[in-house]
Amino acid sequence: MTPYLPQNPQDEDRMVENAYQEVLHAYLTSNHRKKVEIIERAFRFAKDAHKGVRRRSGEPYILHPIAVAKIVISELGLGSTSICAALLHDVIEDTEYTREDIEAAFGAKIADIVEGLTKISGGIFGDKASMQAENFRKLLLSMSTDIRVVLIKMADRLHNMRTLGSMRQEKQYKIAGETLYIYAPLAHRLGLFKIKQELEDLAFRYEHPTQYAAIMEKLSETEEHRQRIVEEFVSPVRKMLDDAGFKYEIKARVKSAYSIFNKMQNKNIPFEEIYDVYAVRIIFDNDDDSLEKIRCWQIYTFFTDGHRLHPDRLRDWTSTPKANGYRALHLTAMGPEGKWIEVQIRSRKMDEIAELGYAAHWKYKTGVHEDESELDTWMNTIKDILANPEPNAIDFLDTIKLNLFSTEIYVFTPKGDLITLPSGSTVLDMAFAIHSEVGTHCIAGKINHRLVPLSHRLDSGDQVEIITSESQSPQEEWMKFCHSAKAQNRLRSILRKDHKILAERGKKIFDEILEKEGITPSNQFFSKLLASHHLQNRNDLYIMIANDVLNLSPKELKEMAVNKKSLMKKILRNPFVSKKNADSQKKEPVNRKEVYVLRPDDSTPNYKLDSCCAPVPGDDVFGFVDDDECVVLHKTDCPIALRLKSAYGQRLVATSWGGVAKRFLATISIDGIDRHGILEEITATVSSRMNINIRGLNIAARQEVFHCDLTVQIDTVETVDAICNALKNIKGIKFARRTS
């Protein structure tokens with residue numbers, strides 16, 4: 001992002017006015033009723049309210065609401081009410097004006113939306129766990145009142161991401177992490193495909209700048225080649241469309257940088273081996289809704305005439321739309337040079353809904369809209385979760401996240417009723433989807449006259465009968481079988497009630513034992529007791545006692561009650577130990593505002609490594625400052641790190657690698673065609689030629705193919721890349737990639 005250069009007041013006023021005129025122009029060229037006067041008043045009101053205030057980048061603050069308003073009209077296609085709310089969205093929070101002032105000037109509807117945006121203005125996550133969950137609940141409740149609240153919030157987040165370059169690096173990590181964790185999935189769930197893709201790519205750009213630049217460079221290098229292949233592919237179809245009298249548009253779509261990166265990571269393959277970088281979209285004009293589906297299938301036949309189709313890649317979203325309202329017909333066909341190319345067939349209306357989701361539904365709103373019932377169904381699930389909120393903020397967010405992805409399966413009850421569930425759902429998920437009582441007493445399922453257990457994963461098209469028993473009650477292990485937010489939330493709620501009863505019974509038993517032995521418990525007593533049995537809190541202790549899992553002997557309890565002072569404490573209490581020396585043992589707080597330089601070459605490195613992702617020098621990492629002011633490293637794309645960035649933004653610190661690293665262990669996975677002497681070549685290449693210490697080697701061959709896991713001692717991630725490249729040059733080796 002180009003830094004903002006201060007200008008004189010007249011030039012800044014002109015810049016602000018020009019930015020506003022762009023919003024007005026976009027509105028006047030839209031199909032909305034022209035209510036220019038109220039938009040003009042909202043702009044003047046906001047400009048006056050934010051007068052003299054600047055953003056972190058140095059530019060006048062009013063440019064942010066104007067930019068959000070421009071996204072609202074140009075990219076979401078919303079009308080005057082939303083434009084006004086976007087212009088005013090920070091007024092209540094950042095200025096002296098109140099909701100009453102907004103209502104008096106612009107009416108209750110605009111005031112309601114601005115107030116809804118103000119409630120969630122601090123972002124989803126605050127510094128305290130309870131606030132994180134509460135802010136997110138406010139966002140969801142605002143959605144259920146007026147969907148425009150969350151659509152404008154998406155525009156606000158998109159502009160913040162576009163201007164993220166003006167923020168400090170640790171703030172970039174926090175905002176990018178929060179965006180990937182909640183906002184991008186939420187955009188996906190609302191069908192805001194364009195916004196979702198841009199949010200993901202921007203977050204990827206700030207979290208992995210090197211990989212982002214490399215992928216964008218490769219996409220740029222291959223652009224001309226891609227266009228040639230796509231044009232050759234669609235040429236015969238174009239002629240058939242013309243002959244059939246279709247008015248249409250053909251777009252070549254490129255997979256996003258973030259999607260490419262994810263596929264490279266998940267499948268451990270290089271850029272060149274991702275086959276679905278290519279995609280084509282056929283968008284046709286349609287003036288008769290009743291013919292929309294027929295015309296999609298007609299275009300489908302044009303592809304069957306001249307291309308070989310992939311038998312497992314046909315997706316009919318015209319008959320059964322996705323939960324976010326998405327409708328289209330997908331097929332995958334063989335193109336030139338043996339490239340599989342995905343084709344998406346849509347009407348113009350389908351395309352707008354596919355790109356803008358419920359923002360487009362708002363545009364097409366005419367009374368009760370068929371597509372809006374899908375949103376209502378989803379919002380009912382959200383309200384159901386909010387009615388039984390999860391006390392732990394991160395668990396609450398994870399539960400909601402389960403409901404944000406619209407990868408779904410469609411299953412049927414014995415009577416033929418359709419139930420939509422998240423992909424991976426089990427018999428237990430379906431039982432809870434039917435009714436909480438059915439889920440509570442579920443013992444098995446029946447599919448095609450075959451009994452299946454609670455944990456059985458369902459496939460689209462399954463017709464499932466749920467078998468229940470009055471004697472059945474929920475078990476702790478059922479949590480492993482739940483993949484839907486509703487099932488997890490209900491089950492947690494039931495188990496919490498059971499735990500409460502057990503804990504009360506266990507506490508009563510425990511108190512009676514202590515009283516009998518004459519022990520008065522202290523905090524230190526409980527700390528010792530919990531630590532010795534590896535328990536997290538007193539409730540866990542009481543539950544184990546109630547279940548007869550834990551038997552505490554009087555001798556053990558008496559030993560715990562003895563307050564033994566450690567030798568170190570005695571020394572520290574010695575009057576000859578100076579206060580200065582004692583204080584010098586305290587660790588200096590880490591400065592979160594500066595880049596923390598990592599020293600892997602020190603005798604004791606100034607950081608800790610977390611086992612969840614095991615980063616090595618050279619990896620993209622960030623620091624998380626723990627309670628002892630130690631910097632704990634995580635890879636930026638580590639799943640645990642994603643939650644930390646979202647929930648504990650104040651503890652993040654930007655890092656950079658410094659010094660020469662000590663040796664680290666890394667595992668390289670090798671696949672290839674087996675032949676005599678290949679193991680000797682692998683070891684010679686790594687050990688003799690590259691002078692790398694091999695610490696482990698496990699090789700197995702099956703028929704003509706072999707797999708090898710090679711553990712080496714290296715100093716940086718660049719060394720691992722060099723080893724992989726050298727191994728790929730050995731005849732017969734097809735893949736070599738770092739796996740840990």
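Residue numbers run from 1 in the order of the sequence given.
A distance of 4.0 Å separates CD1 in I73 from OG in S30, rounded to the nearest 0.5 Å. We find the CG-CE distance between L329 and M350 to be 8.0 Å, quoted to the nearest 0.5 Å. Here the CD atom belonging to E342 is positioned 8.0 Å from the NZ atom belonging to K255, to the nearest 0.5 angstrom. Distance CD1/I282 to CD1/I250: 4.0 Å, rounded to 0.5 Å. Rounding to the nearest 0.5 Å gives a distance of 8.5 Å between CD1 of I71 and CG of D156. Of the inter-residue distances, the one linking R327 atom CZ with D351 atom CG reads 12.0 Å to the nearest 0.5 angstrom.
With hydrogens and angles ignored, the 3.5 Å screen pairs no side-chain donor or acceptor of H25 with any backbone N or O of E22. At least one donor-acceptor pair under 3.5 Å links the side chain of S74 to the backbone N or O of K70. Side-chain atoms of R315 never come within 3.5 Å of backbone atoms of A328 as a donor-acceptor pair (strictly under, hydrogens ignored). Counting only distance, with no hydrogens or angles, the side chain of Y183 and the backbone of K153 share no donor-acceptor pair below 3.5 Å. Judged by distance alone, the side chain of T222 and the main-chain N or O of K218 form a donor-acceptor pair under 3.5 Å. Between the side chain of T29 and the backbone N or O of A26 there is at least one donor-acceptor pair closer than 3.5 Å. Put simply, the side chain of T426 gets close to the backbone of F481: a donor and an acceptor are under 3.5 Å apart.
More than 12 heavy-atom neighbours from other residues, nucleotides or ligands sit within 6.0 angstrom of CD on E337. No more than 12 heavy atoms of other residues, nucleotides or ligands sit less than 6.0 Å from atom CZ of R308. Within 6.0 Å of CD in E704 there are 12 or fewer heavy atoms belonging to other residues, nucleotides or ligands.
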Check against side-chain contact (heavy atoms from CB on, under 4.5 Å), I38 and K35: CA-CA 6 Å; I38 193 169; K35 297 182 179 177; 4.1 Å; yes
Test log, rule side-chain contact (heavy atoms from CB on, under 4.5 Å), inputs F43 and V23: CA-CA 10 Å; F43 165 62; V23 174; over 6 Å; no
Derivation of the side chain to side chain donor-acceptor pair (under 3.5 Å) call for S347 and E292: CA-CA 7 Å; S347 69; E292 193 176 47; 2.5 Å; yes
Salt bridge (Lys or Arg N to Asp or Glu O under 4.0 Å) assessment of K194 paired with E75: CA-CA 9 Å; K194 283 173 73 175; E75 299 181 50; 5.9 Å; no
Residues R295, D288; criterion salt bridge (Lys or Arg N to Asp or Glu O under 4.0 Å); working and verdict: CA-CA 10 Å; R295 286 173 175 162; D288 186 347; over 6 Å; no
Audit row: L192, L199, side-chain contact (heavy atoms from CB on, under 4.5 Å) steps and yes/no: CA-CA 11 Å; L192 304 169; L199 287 174; over 6 Å; no
Full working for side-chain contact (heavy atoms from CB on, under 4.5 Å) between D201 and R205: CA-CA 6 Å; D201 274 4; R205 175 184 168 190; over 6 Å; no
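D285 has no carboxylate O lying under 4.0 Å from a charged side-chain N of K247, or vice versa, which leaves the two without a salt bridge. Under the 4.0 Å criterion applied to side-chain N and carboxylate O atoms, R348 and E352 are not assigned as salt-bridge partners. Taking 4.0 Å as the cut-off between side-chain N and carboxylate O, K415 and E465 do not count as a salt-bridged pair. Checked for salt-bridge contact, D242 and R238 miss the test: no charged N lies under 4.0 Å from a carboxylate O. Salt bridge absent: D674 and R702 never bring a charged side-chain N and a carboxylate O closer than 4.0 Å. Taking a cutoff of 4.0 Å between a charged side-chain nitrogen and a carboxylate oxygen, R281 and E249 do not qualify as a salt bridge.
The aromatic rings of F284 and F246 lie perpendicular to each other, with more than 60° between the two planes, well past the 30° mark. Under the 30°/60° scheme for interplanar angles, the aromatic rings of Y326 and H330 are found to stand perpendicular.
Closest non-hydrogen pair, M161 versus A176, comes out as CE-CA, 4.3 Å. In this structure, C724 and R738 approach most closely via the heavy-atom pair SG-N, 4.0 Å. Across all their heavy atoms, V68 and A86 have their closest contact at CG1-CB, 3.9 Å. The two residues I195 and L158 come nearest to each other via the heavy atoms CG1-CD2, 4.0 Å. Across all their heavy atoms, Y206 and G165 have their closest contact at OH-N, 3.1 Å. The two residues L76 and L151 have their closest heavy-atom pair at CD1-O, 3.5 Å.
The shortest distance between side-chain heavy atoms of I345 and L331 falls below 4.5 Å. Residues F204 and Q211 meet the side-chain proximity criterion, which asks for heavy atoms closer than 4.5 Å. A 4.5 Å side-chain heavy-atom check between L421 and I419 finds at least one atom pair inside the cut-off. A heavy-atom distance below 4.5 Å is not found between the side chains of T332 and I341. Here the side chains of K109 and R148 are in contact, with some heavy-atom distance below 4.5 Å. Residues K446 and V464 are not in side-chain contact: their nearest non-hydrogen atoms beyond the backbone lie 4.5 Å or more apart. The closest side-chain heavy-atom distance from Q463 to T413 is not below 4.5 Å. Between I260 and L219 there is a side-chain heavy-atom pair separated by less than 4.5 Å.
There is a side-chain donor-acceptor pair under 3.5 Å between T179 and R157. When only modelled atom types and interatomic distance are considered, N262 and S259 share no side-chain donor-acceptor pair under 3.5 Å. Checked by atom type, the side-chain pair H225/R228 shows a donor-acceptor distance below 3.5 Å. D429 and H483 share no donor-acceptor pair across their side chains, judged by distance under 3.5 Å alone.
Aromatic rings of F303 and H307 (six-membered ring for Trp) have centroids within the 6.0 Å cut-off, being under it.
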